[in-house]
Amino acid sequence: MLKSWILSRVLHSAAKFEASAASFATSASINKARNPLEEFFEAERSTEEEKPIKYGRGWKASELRLKSWDDLHKLWYVLLKEKNMLMTQRQMLHAQNLRFPNPERIPKVRKSMCRIKHVLTERAIAEPDPRRSAQMKRMINAL
């Protein structure tokens, strides 16, 4: 009886060790894939793909006027991240004497960012409270 109990404890601890080792390996691979510096580079495409990827259009000011302050704030940082990624990729490819694919994406991002600033400025001008309006304008100019 004692031998079977000891054997079961040994097997149970071995199973726990294997499970923890597997979870550690999985978490290590997840952490490796979530390296913050990888966000500055676009995901690699295989050369077998013959179809070019179609990218979306820029945001229109009329669409941005319908967004809340928080949505515009989030969208600003998404576009900033996209712009940083595109500029990093362009610089890296330029250093290797390679052509930057889809260079029309950078002006789309820049125009969308300018339109967000324009919409926020319109809201700051329309603000009836002069203190709040001045505060909003300072915040917009800091972007």
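Heavy-atom basis, side chains included; hydrogens, waters and symmetry copies ignored.
- Contact between Phe100 and Arg90 at its shortest, heavy atoms only, is CD1-CA, 3.6 Å.
- In terms of the side-chain contact (heavy atoms from CB on, under 4.5 Å) criterion, Arg99 has no residue partners (sequence neighbours excluded).
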Test side-chain contact (heavy atoms from CB on, under 4.5 Å) applied to Trp76 and Leu120, step by step: CA-CA 11 Å; Trp76 174 267; Leu120 291 175; over 6 Å; no
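- Around NZ of Lys111, the count of heavy atoms belonging to other residues, nucleotides or ligands within 6.0 Å does not exceed 12.
- Using a 4.0 Å cut-off between charged side-chain N and carboxylate O, Glu63 and Arg115 make no salt bridge.
- Residues satisfying the side-chain contact (heavy atoms from CB on, under 4.5 Å) test with Leu66, not counting sequence neighbours, are none.
- Taking His118 as the reference, Arg65, Glu122 meet the side-chain contact (heavy atoms from CB on, under 4.5 Å) condition, with sequence neighbours excluded.
- Residues satisfying the side chain to side chain donor-acceptor pair (under 3.5 Å) test with Ser68, not counting sequence neighbours, are Asp71.
- Closest approach of Gly56 to Lys108, counting heavy atoms only: O-NZ, 3.1 Å.
- Hydrophobic cluster membership differs between Val78 and Val109, with clusters built from Ile, Leu, Val, Met, Phe, Trp and Tyr side chains linked at under 4.5 angstrom.
- Checked by atom type, the side-chain pair Glu104/Asn102 shows a donor-acceptor distance below 3.5 Å.
- For Arg131, the side-chain contact (heavy atoms from CB on, under 4.5 Å) partners are Asp129, not counting sequence neighbours.
- Partner of Arg123 under the side-chain contact (heavy atoms from CB on, under 4.5 Å) criterion, chosen from Thr121, Val119, Ile125: Val119.
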Review item, side-chain donor-acceptor pairs of residues 133-143, under 3.5 Å, at least two apart:
from	atom 1	to	atom 2	distance (Å)
Ser133	OG	Ala124	O	2.7
Asn141	ND2	Lys137	O	3.2

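- We find the CG-CG distance between Asn84 and Leu79 to be 11.0 Å, quoted to the nearest 0.5 Å.
- Using modelled atom types, one side-chain atom of Ser112 and one backbone atom of Trp59 make a donor-acceptor pair closer than 3.5 Å.
- In this structure, the separation between CE on Met113 and OH on Tyr77 is 9.0 Å, given to the nearest 0.5 Å.
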